[in-house]
Number of protein chains: 2
Amino acid sequence: MALTRQQQKEKTKTLLVSAGLEIFAKNGIQSTKTLDIAKKVGVSHGTVFVHFPTKKDLLIEIIDGFGRSISEEFKKLSADAHNLRKILKIHLKVIEKHENFYARLLIENALLPGEVRGTLINLQTGIAYFINSAARNEMKAGDIQTMPSHLLFNTWMGLISYYLLNKDIFAGEKSVIKTKGNEILNHFLKLIKL
Amino acid sequence: MALTRQQQKEKTKTLLVSAGLEIFAKNGIQSTKTLDIAKKVGVSHGTVFVHFPTKKDLLIEIIDGFGRSISEEFKKLSADAHNLRKILKIHLKVIEKHENFYARLLIENALLPGEVRGTLINLQTGIAYFINSAARNEMKAGDIQTMPSHLLFNTWMGLISYYLLNKDIFAGEKSVIKTKGNEILNHFLKLIKL
DNA sequence: GAACTCAGTGAGTGGGGACTTAGCCAAAAT
DNA sequence: ATTTTGGCTAAGTCCCCACTCACTGAGTTC
């Protein structure tokens with residue numbers, strides 16, 4: 001059966017977004033051309049601009065969607081996790097699942113349009129909240145050292161970002177999180193332990 | 001008095017390199033055009049290509065020079081510093097002095113031509129050596145926790161990189177290292193203390 | 001001082017890639 | 001059944017920017 005116009009339109013738009021997500025993860029965000037995305041979907045180049053007035057708008061839609069979905073996933077998984085180790089483990093798991101795109105985002109973030117940069121910040125802010133509340137509980141309980149929670153969070157994010165940004169050095173073609181995630185996690189926990 | 005041809009040539013080349021360094025630090029590496037650099041020096045656009053066959057070659061010269069000079073500076077200053085705190089302090093001082101360019105390099109590193117990426121790696125490897133030997137000494141002496149030195153180094157680099165990459169968030173227009181350097185240093189030392 | 005060399009010029013050239021547009025055809029409206 | 005609408009197409013257009021080249025004029029060589 002033939003699709004209605006609206007269905008067709010939405011389908012194409014979705015295909016463009018998911019093709020973009022995939023190509024961005026593999027080849028980089030900036031260096032991906034609108035034509036590449038059109039080709040992958042199997043539509044003409046012009047079609048991209050039927051759905052998105054500019055490349056930037058496409059970018060925003062893709063990255064925002066990614067941010068929303070990853071944030072949701074994290075919240076769902078960590079709903080019943082209350083100790084820090086578990087939450088950090090979930091954090092790693094979620095990142096690992098989307099490692100390629102996430103790493104791309106970290107790499108290119110500072111060069112992306114301002115509208116998009118907010119996405120990564122929001123994402124991290126959301127995650128910081130969970131990590132910090134768990135951390136404060138364990139500080140009170142005397143399980144870990146007392147320290148300002150922003151420093152604890154920045155140390156954790158710094159470590160993870162550093163490994164992701166240099167993932168080719170640390171893990172070649174493989175997943176850094178899969179390869180080094182446990183080592184990083186145990187090291188971090190040992191550092192902050194009392 | 002008039003310069004000889006050779007002097008003139010060298011002078012222009014040097015001017016191109018230092019103008020590049022300056023503009024890169026302010027406006028970014030990728031987004032700087034060869035014409036921008038020519039304008040800054042006050043020569044014609046074509047002159048750039050008299051001295052460098054391609055933009056990439058200019059890039060390599062600029063970034064390599066930066067890497068060499070910063071590495072030298074670090075080695076000179078840390079010649080008679082044997083404890084970890086002092087070495088890390090020197091590391092921060094050297095970065096602070098070149099913060100804008102250094103941050104640019106971190107931001108764009110992964111997107112730069114492979115020939116250039118080695119520079120940052122070499123730089124960090126050199127610095128890692130100093131930090132790791134000091135760290136091992138203090139571990140033996142029982143001043144800090146025992147841990148694999150690569151993890152100690154990566155934690156430190158992760159922290160610094162994280163602050164530099166997000167320097168606009170942490171410090172606005174100001175220097176992040178000047179603003180937050182001490183906080184970072186003290187936090188890090190407290191973490192690794194026994 | 002005549003012939004030659006070469007740093008520097010600036011108006012091109014070429015290629016890449018975002019965006020436009022006239023036209024097509026199938027779905028929707030009448 | 002006829003007209004209108006609108007998603008999609010394909011062949012542009014336009015702009016940007018790295019790089020070229022024929023030329024100039026000031027050093028250099030003899």
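Side chains are part of it too, since the values below use all heavy atoms of this structure and drop only hydrogens, waters and symmetry mates. Naming convention: chains lettered A, B, ... in sequence-line order (proteins, then strands); numbering from 1 in each chain. As the structure is a prediction and not an experimental result, all values here were calculated from the model.
The phosphate of C:dA27 has neither OP1 nor OP2 within less than 4.0 Å of any side-chain N or O from A:T4. The side chain of A:H45 contributes no N or O atom lying less than 4.0 Å from OP1 or OP2 of D:dC8. Within the 4.0 Å cut-off from OP1 or OP2 of C:dA27, not a single side-chain nitrogen or oxygen of A:Q8 is found. A sub-4.0 Å separation between OP1 or OP2 of C:dG8 and a side-chain N or O of B:T12 is present.
Taking atom NZ on B:K13 and atom P on C:dC6, their separation rounds to 16 Å, with Å as the unit. Spacing between atom NZ of A:K55 and atom P of D:dC14 amounts to 22 Å, rounded to whole angstrom units. Rounded to whole angstrom, the span from the CD atom of A:Q30 across to the P atom of C:dG17 amounts to 13 Å. For the pair B:Q7 CD and C:dC6 C1', the interatomic distance rounds to 15 Å; values are reported in whole Å. In this structure, the NE2 atom of A:H51 is 7 Å from the C1' atom of D:dG7, given to the nearest Å. Distance A:L59 CG to C:dA18 P: 10 Å, rounded to the nearest Å. Between the NZ atom of A:K39 and the C1' atom of D:dA10 there is a distance of 14 Å, rounded to whole Å. Distance, A:I37 CD1 to C:dC19 C1': 14 Å, rounded to whole Å.
When atom types are taken as modelled, the side chain of A:Q145 and the backbone of A:M139 share no donor-acceptor pair closer than 3.5 angstrom. The main-chain N or O of A:G158 is never found under 3.5 Å from a side-chain atom of A:S161 such that the two would form a donor-acceptor pair. Looking at A:K26, its side chain never comes within 3.5 Å of a backbone N or O of A:F24 through a donor-acceptor pair. Proximity of a side-chain donor or acceptor of A:Q30 to a complementary backbone N or O of A:E108 within less than 3.5 Å is not detected.
Each of B:S44 and A:F49 was assigned the nucleotide of DNA chain C with the nearest heavy atom; the assignment lying further toward the 5' end belongs to B:S44. Heavy-atom nearest nucleotides on DNA chain D were determined for B:Q6 and for B:L35, and the one closer to the 5' end corresponds to B:L35.
The side chain of A:T54 lies closest to C:dC19, out of C:dG8, D:dC8, C:dC19.
Among the heavy atoms of the strands lying under 4.0 Å from A:T34 are primed sugar atoms or P, OP1, OP2 only; no base atom is included. Across all strands, A:V43 comes closer than 4.0 Å only to sugar-phosphate atoms, never to a base (heavy-atom distances).
Under the salt bridge (Lys or Arg N to Asp or Glu O under 4.0 Å) test applied with B:E96, the options B:K89, B:K178, B:K174, B:K167 reduce to a single match, B:K178.
A donor N or O paired with an acceptor N or O is found under 3.5 Å between the base of C:dA27 and the side-chain atoms of A:R5.
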